[in-house]
Amino acid sequence: MMMKVFHCPARHGYAVETSPFISQRVACAAAQFYGLTGCGTLLVLEETEVGLSLVRSTQWSDGLFDVSWSESNEHVLVTGGGDGSLQLWDTANHSGPLRVAKEHTQEVYSVDWSQTRGENLIVSGSWDQSVKVWDPTLSCSLATLRGHEGVVYSTIWSPHIPGCFASASGDGTLRVWDLKAGACRLAIAAHQAEILSCDWCKYDQNVVATGSVDCSVCVWDLRNVRQPVNQLRGHTYAIRRLKFSPFRPSVLASCSYDFTVRFWDYNQKQCPLLDTLEHHSEFVCGLDFSLHVPNKVVDCSWDETLKIYTPACLSAPTENHGFDTRTT
């Protein structure tokens with residue numbers, strides 16, 4: 001397995017996301033001193049034939065914990081910071097953030113840009129237990145949604161249903177929200193421990209996965225939440241982030257504080273674990289699939305590295321040829 005590595009000394013990676021427009025481009029949100037103190041850095045990288053080159057490195061006064069690309073402008077990103085603010089960046093503008101919005105009262109741990117056609121919104125989740133929805137200017141929040149009784153670690157828009165997103169919290173629940181109604185439509189007691197990540201299946205509007213401090217990934221069918229479709233076990237410490245593949249309907253990846261990245265096929269009931277990669281020496285916090293190159297993965301870790309690779313377990317040809325993130 002060929003792997004390309006970028007070293008970011010004194011910066012500990014929290015999140016990575018591949019560009020929806022430029023196949024070789026990836027963004028990484030990182031922090032000094034493991035995010036406990038110090039500043040943050042937004043890294044924009046370009047994959048080349050021989051490795052990864054730095055396009056832009058921008059500093060922020062507090063740790064950066066998440067990043068998401070605009071779905072309408074190839075140069076624009078949003079990040080979430082430890083000072084409770086969201087920052088809007090333009091990779092073609094080197095003078096600083098386009099805008100900063102600070103309404104959250106504690107760390108912003110999650111940001112996500114909506115993917116459905118005719119909609120251009122950002123959702124953020126914070127340690128202040130609230131979720132906020134913004135327009136792309138970040139002028140002021142359009143809605144503040146409350147209901148979680150713990151830190152909101154993860155917020156993710158449905159790639160299928162406009163105005164719908166999921167959130168995961170330290171209170172052990174997964175919640176599905178309807179923005180038009182301004183209300184939680186479904187609350188699932190998904191784990192008996194903190195949930196650090198959730199993601200929506202790219203092929204099925206009813207399937208959402210959660211990753212927890214209890215070391216398990218649970219895959220849920222939102223039409224019947226009495227028990228998960230599958231519970232994926234193998235990690236030995238908390239699962240920090242998980243992502244569904246955009247090329248294989250039942251495949252997802254998870255990364256963990258156990259220093260590993262694992263790949264799963266949740267349709268395989270007996271042996272869903274496809275592979276375990278141990279190529280980091282610290283917590284693996286960021287993870288994403290390429291939307292352009294089948295089965296290419298990028299991850300980042302507290303060991304000050306970002307890595308791009310195609311795992312052997314996914315290198316076989318697939319009948320699927322990706323999906324349009326701007327679904328109706």
Charged N to carboxylate O under 4.0 angstrom, Glu47 versus Lys296?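 A salt bridge is present here (some side-chain N lies under 4.0 Å from a carboxylate O).
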
Interatomic spacing from OG in Ser85 to CD in Glu103 - rounded to 0.5 Å: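 It is 11.5 Å, given to the nearest 0.5 Å.
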
Using 0.5 Å steps for rounding, measure from the CG atom of Leu242 to the SG atom of Cys218.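 So the CG of Leu242 and the SG of Cys218 are separated by 10.5 Å.
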
Within the side chain of [X], is there an N or O that forms a donor-acceptor pair under 3.5 Å with the backbone of [Y]?
| X | Y | value |
| --- | --- | --- |
| Arg248 | Leu314 | yes |
| Lys243 | Leu287 | yes |
| Trp157 | Asp112 | yes |
| Thr116 | Glu119 | no |
| Arg241 | Cys285 | yes |
| Glu71 | Ser114 | no |
| Ser110 | Thr155 | yes |

Side chains of [Y] and [X]: any donor to acceptor distance under 3.5 Å?
| X | Y | value |
| --- | --- | --- |
| Asn295 | Thr310 | no |
| Thr144 | Lys132 | yes |
| Thr79 | Gln87 | yes |
| Ser216 | Arg233 | no |

Could you walk me through whether Glu304 and His12 pass the side chain to side chain contact (heavy atoms under 4.5 Å, CB included) test, one step at a time? CA-CA 5 Å; Glu304 306 175 357; His12 305 110; 3.6 Å; yes

If the test is side-chain contact (heavy atoms from CB on, under 4.5 Å), which one of Leu232, Asp199, Val207 qualifies with Leu252? Leu232

May I ask you to decide if the ring planes of Trp127 and Tyr153 are parallel, tilted or perpendicular, using 30° and 60° as cut-offs? perpendicular

Over 60° means perpendicular and under 30° means parallel, so tell me whether Phe283 and Phe259 are parallel, tilted or perpendicular.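 The arrangement is tilted - the two ring planes meet at 30° to 60°.
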
Quick check: do His280 and Asp299 have side-chain heavy atoms less than 4.5 Å from each other? yes

Ring-ring centroid check Phe244 Trp200, cutoff 6.0 Å: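 Between Trp200 and Phe244, which both carry aromatic rings, the centre distance is not below 6.0 Å.
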
Do Val100 and Val133 sit in one hydrophobic cluster, given that two such residues count as connected whenever their side-chain heavy atoms are within less than 4.5 Å of each other, even indirectly? no

Are Leu88 and Val111 connected in the hydrophobic side-chain network, where two residues link if heavy atoms are under 4.5 Å apart? yes

Between Trp60 and Asp83, does the side chain to side chain contact (heavy atoms under 4.5 Å, CB included) criterion hold? Intermediate values first, please. CA-CA 10 Å; Trp60 185 245; Asp83 58 357; 3.2 Å; yes

